[in-house]
Peer 1: 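Sending over a structure as structure tokens; questions will come in a sec.
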Amino acid sequence: MAKKIVAGNWKMNTLKEDAQKLASEVVNMTKDEVPSDVTLIMCTPFIHLSQVKSLVGSSSNVFVGAQNCYTKTSGAYTGETAAPMLKSYGIDYVILGHSERREYFKESNQELAEKVDIVLANDMLPIFCCGEVLDEREANKQEEIVGSQLEESLFHLSAEDFSKVVIAYEPVWAIGTGKTASSEQAQEMHAFIRGLVEKKYGTEVAAETSILYGGSCKPSNAEELFACPDVDGGLIGGASLKSRDFIDIAKSY
Ligand code: PEP
């Protein structure tokens, strides 16, 4: 069975005190309200990682993730953050290939393959984002686009390494727009993704791969989305900035 995961992508939001408050609320509410088989991940801006990691402490189902890392391990790359640095702060997950990174920072599938490798080499787990933009959906090219994102960034991995990857399917037209994919559209793409994984790595790895849905997921639609057989959880943007909403989403299985 794939792990149930609800990951929050805080993006470039929160000041120091906001981050402290939000993370503490999530940790406390999780203890009281969220079943222990649901994994919660807070993917915070780099600058808050250490603080949030300390607040999370030794919780067994709350983890901390970064939103990106660089392709090199150290050196003269001003402004970048390396995977070994994240690891040294006890960071567990790294989001890679978010559509905002692909669009604004021109991250390619090839560069993302290198980032996936470096995250795995440093014993952290990638949350790999894939998804089509609106024009591609309208041209019915979503499978072709997502298929090549997986093929070019992930399918060079051994089965052992691939089994550490979390996939997040995020139709770009649904991110931050309030326009959620219908549960049918989500299920269709998740089943397609699981089918590709099965073809490449076999039934067992495919069944154990967590495939999260992302794109305007909120407490009011999470239950319907998470009820789809191939939706194992969510990558949550806006709603992860409100502890009540984030926790209610995590309780939606
Ligand atoms: C995201 O950015 O990964 C995301 C899913 O955002 P939102 O939930 O705000 O659509």
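Order of appearance sets the numbers: ligands from 1, and atoms from 1 within every ligand. Hydrogens, waters and symmetry mates are skipped; everything else that's a heavy atom, side chains included, is used.
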Peer 1: What I want to find out is whether Lys4 reaches Asp37 closely enough, with some N-O distance under 4.0 Å, to be called a salt bridge.
Peer 2: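 Yes, this pair counts.
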Peer 1: Report yes or no: does a heavy atom of Lys218 sit under 4.0 Å from some atom of ligand 1?
Peer 2: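 Not so, Lys218 does not reach ligand 1.
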Peer 1: Only heavy atoms of Gly176, strictly under 4.0 Å: list the atoms of ligand 1 that pass.
Peer 2: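 Numbered from 1, ligand 1 contributes 7 (P), 9 (O), 10 (O).
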Peer 1: Which is it for Ile175 and ligand 1 at heavy atoms under 4.0 Å: side chain, backbone, both or neither?
Peer 2: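 Near ligand 1, Ile175 shows its backbone as well as its side chain.
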Peer 1: Is the closest basic N to carboxylate O distance between Glu107 and Arg102 below 4.0 Å?
Peer 2: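 Looking at Glu107 and Arg102, the cut-off is not met.
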Peer 1: Does atom NZ (Lys251) have a neighbourhood of more than 12 heavy atoms from anything else shown, all under 6.0 Å?
Peer 2: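 More than 12 heavy atoms, drawn from other residues, nucleotides or ligands, come within 6.0 Å of this atom.
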Peer 1: Write out the residue and atom name of the closest protein heavy atom to atom 4 (C) of ligand 1, then the distance separating them to 0.1 Å.
Peer 2: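 Answer, as residue, atom name and distance: Gly237 N, 3.6 Å.
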Peer 1: Of the protein's non-hydrogen atoms, which lies at the shortest distance from atom 3 (O) of ligand 1, and what is that distance?
Peer 2: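 Sorting protein heavy atoms by distance from atom 3 (O) of ligand 1 puts Glu170 OE2, 2.7 Å first.
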Peer 1: Is the closest heavy atom of Ala239 to ligand 1 under 4.0 Å?
Peer 2: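 For ligand 1, residue contact (heavy atoms, under 4.0 Å) with Ala239 is absent.
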Peer 1: Using a strict 4.0 Å cut-off to heavy atoms of Asn9, name the atoms of ligand 1 that fall inside it.
Peer 2: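 Every atom of ligand 1 under 4.0 Å from some heavy atom of Asn9: 2 (O), 3 (O).
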Peer 1: Can you tell me the protein heavy atom closest to atom 2 (O) of ligand 1 and the distance?
Peer 2: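 For this ligand atom, the closest protein heavy atom is Lys11 NZ, 2.6 Å.
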Peer 1: If the cut-off is 4.0 Å to any non-hydrogen atom of Gly215, which atoms of ligand 1 fall inside it?
Peer 2: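 Heavy-atom distances to Gly215 below 4.0 Å select 5 (C), 10 (O).
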Peer 1: Which atoms from ligand 1 have a heavy atom of His98 less than 4.0 Å away?
Peer 2: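 Taking each heavy atom of His98 in turn, ligand 1 has 1 (C), 2 (O), 3 (O) under 4.0 Å.
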Peer 1: Under 4.0 Å, heavy-atom basis, I'd like to know which part of Ser240 is in contact with ligand 1: side chain, backbone, both or neither.
Peer 2: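 For Ser240, there is no contact with ligand 1 at all, from either part.
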Peer 1: May I ask you to check whether over 12 heavy atoms, not counting those of Ile47, lie within 6.0 Å of atom CD1?
Peer 2: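 No - once you tally the heavy atoms of other residues, nucleotides and ligands closer than 6.0 Å, there are 12 at most.
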Peer 1: Would you check whether Ile236 has a nitrogen or oxygen atom less than 3.5 angstrom from a nitrogen or oxygen atom of ligand 1?
Peer 2: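 Among all N and O atoms of Ile236, none is under 3.5 Å from an N or O of ligand 1.
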Peer 1: Measure the acute angle between the ring planes of Tyr201 and Phe162, then classify it against the limits of 30° and 60° as parallel, tilted or perpendicular.
Peer 2: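 Judged by the thresholds at 30° and 60°, the geometry between Tyr201 and Phe162 is parallel.
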Peer 1: So is there a nitrogen or oxygen of Thr177 less than 3.5 Å from a nitrogen or oxygen in ligand 1?
Peer 2: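 N/O-N/O distance under 3.5 Å: no.
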Peer 1: With the threshold set at 4.0 Å, does a side-chain nitrogen-carboxylate oxygen contact exist between Glu33 and Arg244?
Peer 2: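 Looking at Glu33 and Arg244, the cut-off is met.
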Peer 1: Give the atoms of ligand 1, by number and element, whose distance to some non-hydrogen atom of Gly238 is under 4.0 Å.
Peer 2: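 Contacts of ligand 1 toward Gly238, numbered from 1: 7 (P), 8 (O), 9 (O).
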Peer 1: Under the criterion salt bridge (charged side-chain N to carboxylate O under 4.0 Å, His left out), I'd like the reasoning laid out for Glu25 against Lys21: C-alpha separation, chi angles, the key distance, then a yes or no.
Peer 2: CA-CA 6 Å; Glu25 287 172 0; Lys21 181 168 181 286; 3.0 Å; yes
Peer 1: Within the structure, is a non-hydrogen atom of Ala174 found at a distance of less than 4.0 Å from ligand 1?
Peer 2: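 Flag set, Ala174 near ligand 1.
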Peer 1: For Gln110 and Glu152, test the side chains for any donor-to-acceptor distance below 3.5 angstrom and give the result as yes or no.
Peer 2: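 Side-chain D/A pair, Gln110 to Glu152: present.
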Peer 1: Would you please classify the geometry between the His190 ring and the Tyr169 ring as parallel, tilted or perpendicular, with 30° and 60° separating the classes?
Peer 2: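 Ring orientation of Tyr169 relative to His190: perpendicular.
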Peer 1: Salt bridge check: are Arg194 and Asp232 linked by an N-O gap of less than 4.0 Å?
Peer 2: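 Counted as a salt bridge, because a side-chain N and a carboxylate O are separated by less than 4.0 Å.
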